[in-house]
Enquirer: 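After the structure tokens below, expect a handful of questions from me.
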Amino acid sequence: MEKLNITGGNPLFGEIAVCGAKNAAVAIIPAALLVNGVCIIENVPDIKDVRLIIEMLVQLGARVTYINDTTISVDSTRLKTHIAPVELASKMRASYYLLGALLGRLNKAQVALPGGCNFGVRPIDLHEKGFRALGATVEITDGIVYVNADHLTGDNVFLDTTSVGATINIMLAAVLADGKTVIENAAKEPHIVDVANFLNAMGAKVRGAGTDVIRITGVKEMTGGSYSIIPDQIEAGTFMLLAAASGGDVLVRNIIPKHMDCLVSKLEEMGVNITEYDDSIRISRTGELRGTSVRTMPYPGFPTDLQPQMVALLSTVKGRSTVIEDVWDNRFQYVAELLKMDADITVNGKRAEIQGKKLRGALVQATDLRAGAAMIIAGVAAEGVTQIGCPHYIDRGYTDIERRLRSIGVKIERVFEED
Ligand code: EPZ
């Protein structure tokens, strides 16, 4: 069995750079299927989910070549099938982007229902609504989604719930459709803007990304170009919360500070010292921190993907805190792991009440990607040794995590033990 062992209780010092955004990369790489030519994509994070999506593109007939550690070339000139490999597709959530991309390019797609982190029901009805509005049929049989169209024509789509995945998928399906598509109540996350910028750099006409109305004018063809993925807002936030939990003085580099506004304001409210520079943020802590209240929301609100890491920090600071999860139905499963470290947290539906205290190291599990990041934060703040099982979840979204964390003083090692 593989584990990450962390010895906690030491302040952290130094600099750590943020990699390219996972949730942008796992959309932009499939979006390259829309391009009848070569896309050069830079700042690609070296994580498991990216390797999986690249493998799926290769099996669809795209030629993917690594130019260096973080730059790939994708040539989708000669796609050979619209059928995504079932086993790979069912391993990750973002495989649903193959639906929009293949539908847009080939007018048909066949992709297994997506897997990924389990936060309760994760429907794709809004993706379906968008594809149907453009003229496609959608059927789901035995866990496989089939989308087909004779012809795609732009239309208006109102998203009943703000959905990141549906917003991106409808953009992908619409860029080569005839006429205009308007997505209303669109999600505004930084990676929505990044995907739109990528599509435009390849020849598409997408306007309004980053607002709640996105307008797409279909083009006949996209022919290729170069694009660099934005830094990962969630990785940046994870490192900032880690530095707040450990104390010390850490410079988190390669950040877009605007994306961090909501987190910065919360951390300052708690007593963390923060200095913003053009593309980095310094976090330091001199005194004790105070508890606070947090409610997750779509961007620009507090990101659900930082909720577990925030709860880990709040478990260690003085006073009471309240965290309300308003995006997912069931994203507090990992709390059971923090309780093993002596945390004082009570969960009632979508609400967690936290009484901060000193945590102590224990054997815990990474129950999903961000839950794993939360265990790292708790482990660094705790007294003694924390052993984190299932680190493969963490590897899905964080590049070379132990080497990078060691560079700011985290005492972390990966161990392999016989079962
Ligand atoms: C994306 O998931 C991210 N994943 C998630 O990050 C993130 O938690 C989530 O957006 C919210 O920010 C990727 O980008 C690959 P949604 P997604 O559609 O697109 C409801 C991480 O840790 N909904 O915005 O699947 C849904 O139930 C991962 O990196 C519908 O009702 O999320 C939820 O309540 C985990 N019908 C809400 O919308 C639909 O058709 C937001 O989901 C789609 C969604």
Enquirer: Does atom NZ of K340 have more than 12 heavy-atom neighbours from other groups under 6.0 Å away?
Expert: yes
Enquirer: Is any side-chain heavy atom of V145 closer than 4.5 Å to one of L99?
Expert: yes
Enquirer: Determine, for D279 against R253, whether the closest basic-nitrogen to carboxylate-oxygen distance falls under 4.0 angstrom.
Expert: no
Enquirer: What is the distance from atom CD1 of I16 to atom CZ of F239, rounded to the nearest 0.5 Å?
Expert: 4.0 Å
Enquirer: Heavy-atom distance under 4.5 Å between the side chains of D400 and D46, does that happen here?
Expert: no
Enquirer: Pair L98, M56 - check side-chain contact (heavy atoms from CB on, under 4.5 Å), show working.
Expert: CA-CA 9 Å; L98 298 174; M56 284 190 266; 3.7 Å; yes
Enquirer: When you measure from the side chain of R63 to the backbone of S76, do you find a donor-acceptor pair of N or O atoms at a distance under 3.5 Å?
Expert: no
Enquirer: Do the side chains of K357 and D344 get close enough for a salt bridge, i.e. N-O under 4.0 angstrom?
Expert: no
Enquirer: Under 3.5 Å, side chain of D368 to main-chain N/O of A371, donor-acceptor pair present?
Expert: yes
Enquirer: Under 3.5 Å, is there a donor-acceptor pair between the side chain of S95 and the main chain of M92?
Expert: yes
Enquirer: Quick check: does any side chain N or O of N148 sit under 3.5 Å from a backbone N or O of T137, one acting as donor and the other as acceptor?
Expert: no
Enquirer: Please tabulate, for the side chains in residues 165-182, all donor-acceptor contacts under 3.5 angstrom to protein atoms that are two or more places apart in sequence or on a different chain.
Expert:
residue : atom : partner : partner atom : Å
T167    : OG1  : S163    : O            : 2.6
T167    : OG1  : A187    : N            : 3.0
N169    : OD1  : G100    : N            : 3.0
N169    : ND2  : Y96     : O            : 2.9
N169    : ND2  : H127    : ND1          : 3.0
D178    : OD2  : H151    : NE2          : 2.7

Enquirer: When you compare the side chains of Y398 and T238, does any donor N or O come within less than 3.5 Å of an acceptor on the partner?
Expert: yes
Enquirer: What are the two closest heavy atoms between L313 and I377, and how far apart are they?
Expert: N-CG2, 4.2 Å
Enquirer: A side-chain contact here means heavy atoms from C-beta on lying under 4.5 Å apart; do L267 and M240 qualify?
Expert: yes
Enquirer: Closest approach of G203 and M222, non-hydrogen atoms and distance?
Expert: C-CG, 4.1 Å
Enquirer: For a 4.5 angstrom cut-off between non-hydrogen side-chain atoms, does R351 reach T322?
Expert: yes
Enquirer: Could you give me the CA-CA distance, side-chain angles and deciding distance for W328 and K350, then say whether side-chain contact (heavy atoms from CB on, under 4.5 Å) is met?
Expert: CA-CA 8 Å; W328 296 111; K350 291 185 156 202; over 6 Å; no
Enquirer: Are D49 and K91 close enough for a salt bridge, meaning some N to O gap below 4.0 Å?
Expert: no
Enquirer: First locate atom CD1 of I256, then atom CG of D194, and finally report the distance between them rounded to the nearest 0.5 Å.
Expert: 7.5 Å
Enquirer: Sequence neighbours left out, what passes ring pair (Phe, Tyr, Trp, His ring centres under 6.0 Å) with Y227? Give chain and number order.
Expert: F198
Enquirer: Calculate, to the nearest 0.5 Å, the distance between atoms CG and CD belonging to L314 and Q307 respectively.
Expert: 10.0 Å
Enquirer: Is it the case that atom CZ in R51 sees more than 12 heavy atoms from other parts of the structure closer than 6.0 Å?
Expert: yes
Enquirer: For the side chain of N36 and the backbone of T223, is there at least one donor-acceptor N/O pair under 3.5 Å apart?
Expert: no
Enquirer: Run the side-chain contact (heavy atoms from CB on, under 4.5 Å) check on I345 and S315 step by step: do they pass?
Expert: CA-CA 7 Å; I345 307 172; S315 307; 3.6 Å; yes
Enquirer: Do M310 and F302 have side-chain heavy atoms sitting under 4.5 Å apart?
Expert: yes
Enquirer: Determine, step by step, whether I376 and I394 satisfy the side-chain contact (heavy atoms from CB on, under 4.5 Å) criterion, reporting the C-alpha distance in whole Å, the side-chain angles of both residues, the deciding distance to 0.1 Å, and the verdict.
Expert: CA-CA 10 Å; I376 292 179; I394 300 171; 4.1 Å; yes
Enquirer: Could R404 and E235 be called an ion pair, given the rule that one side-chain N must be under 4.0 Å from one carboxylate O?
Expert: yes
Enquirer: If you define the side chain from C-beta out and look only at heavy atoms, does anything of T141 sit under 4.5 Å from Y146?
Expert: yes
Enquirer: Could I get the full list of ring pair (Phe, Tyr, Trp, His ring centres under 6.0 Å) partners for Y334, not counting sequence neighbours?
Expert: none
Enquirer: Would the distance check show the side chain of D212 and the main-chain N or O of N185 forming a donor-acceptor pair, the cut-off being under 3.5 Å?
Expert: no
Enquirer: Report yes if the side chains of E128 and V147 come closer than 4.5 Å at any heavy-atom pair, otherwise no.
Expert: no
Enquirer: Does any donor atom in the side chain of E353 or T346 lie under 3.5 Å from an acceptor atom in the other side chain?
Expert: no
Enquirer: Thinking salt bridges, do D160 and K129 make one under a 4.0 Å N-O criterion?
Expert: yes
Enquirer: Rounded at 0.5 Å granularity, tell me how far CD1 in I281 sits from CD1 in I255.
Expert: 4.0 Å
Enquirer: Find the distance between CE (M375) and SG (C390) and round it off to the nearest 0.5 Å.
Expert: 11.5 Å
Enquirer: Side chains of residues 20-33: which donor-acceptor pairs under 3.5 Å do they make with residues two or more places apart or in other chains?
Expert:
none

Enquirer: Please enumerate all residues that pass side-chain hydrogen bond (donor to acceptor under 3.5 Å, both in side chains) together with D249, with sequence neighbours excluded.
Expert: R282
Enquirer: If every non-hydrogen atom of G349 is compared with every non-hydrogen atom of F332, which pair is closest and at what distance?
Expert: O-CD1, 3.8 Å
Enquirer: Which pair of non-hydrogen atoms, one from I214 and one from G208, has the smallest distance, and what is that distance?
Expert: CG1-O, 3.9 Å
Enquirer: Any salt bridge linking R331 with D305? Criterion: basic side-chain nitrogen under 4.0 Å from a carboxylate oxygen.
Expert: yes
Enquirer: Any salt bridge between K266 and E268, counting N to O under 4.0 Å?
Expert: no
Enquirer: Whether the T292 and E269 side chains hold a donor-acceptor pair (N or O, under 3.5 Å, no angle test) is what I'd like checked.
Expert: yes
Enquirer: Do the side chains of D232 and C19 get nearer than 4.5 Å, heavy atoms only?
Expert: no
Enquirer: Which residues pass the side-chain hydrogen bond (donor to acceptor under 3.5 Å, both in side chains) test with E288, sequence neighbours left out?
Expert: none
Enquirer: Are there more than 12 heavy atoms of other residues, nucleotides or ligands under 6.0 Å from atom NZ of K108?
Expert: no
Enquirer: How about CG on D278, more than 12 heavy atoms from neighbouring residues, nucleotides or ligands closer than 6.0 Å, or not?
Expert: no
Enquirer: Search all heavy atoms of I54 against all heavy atoms of V64 and return the closest pair with its distance.
Expert: CG2-CG1, 3.6 Å
Enquirer: Atom CZ of residue position R215 - does it have more than 12 heavy atoms of other residues, nucleotides or ligands inside 6.0 Å?
Expert: no
Enquirer: Assess whether side-chain hydrogen bond (donor to acceptor under 3.5 Å, both in side chains) is satisfied between T70 and E42, documenting all intermediate values.
Expert: CA-CA 6 Å; T70 55; E42 296 167 13; over 6 Å; no
Enquirer: Between E402 and I412 (side chain of the first, backbone of the second, donor and acceptor by atom type, cut-off under 3.5 Å), is there such a pair?
Expert: no
Enquirer: Less than 4.0 Å between a side-chain N and a carboxylate O, is that true for D155 and R132?
Expert: no
Enquirer: Closest heavy-atom contact between A378 and L359?
Expert: CB-CD1, 3.9 Å
Enquirer: As an exercise, state the distance from CD of Q365 to CG of L363, rounded to the nearest 0.5 Å.
Expert: 6.0 Å
Enquirer: Can you tell me if T71 uses its side chain to pair, donor with acceptor, with the backbone of I67 under 3.5 Å?
Expert: no
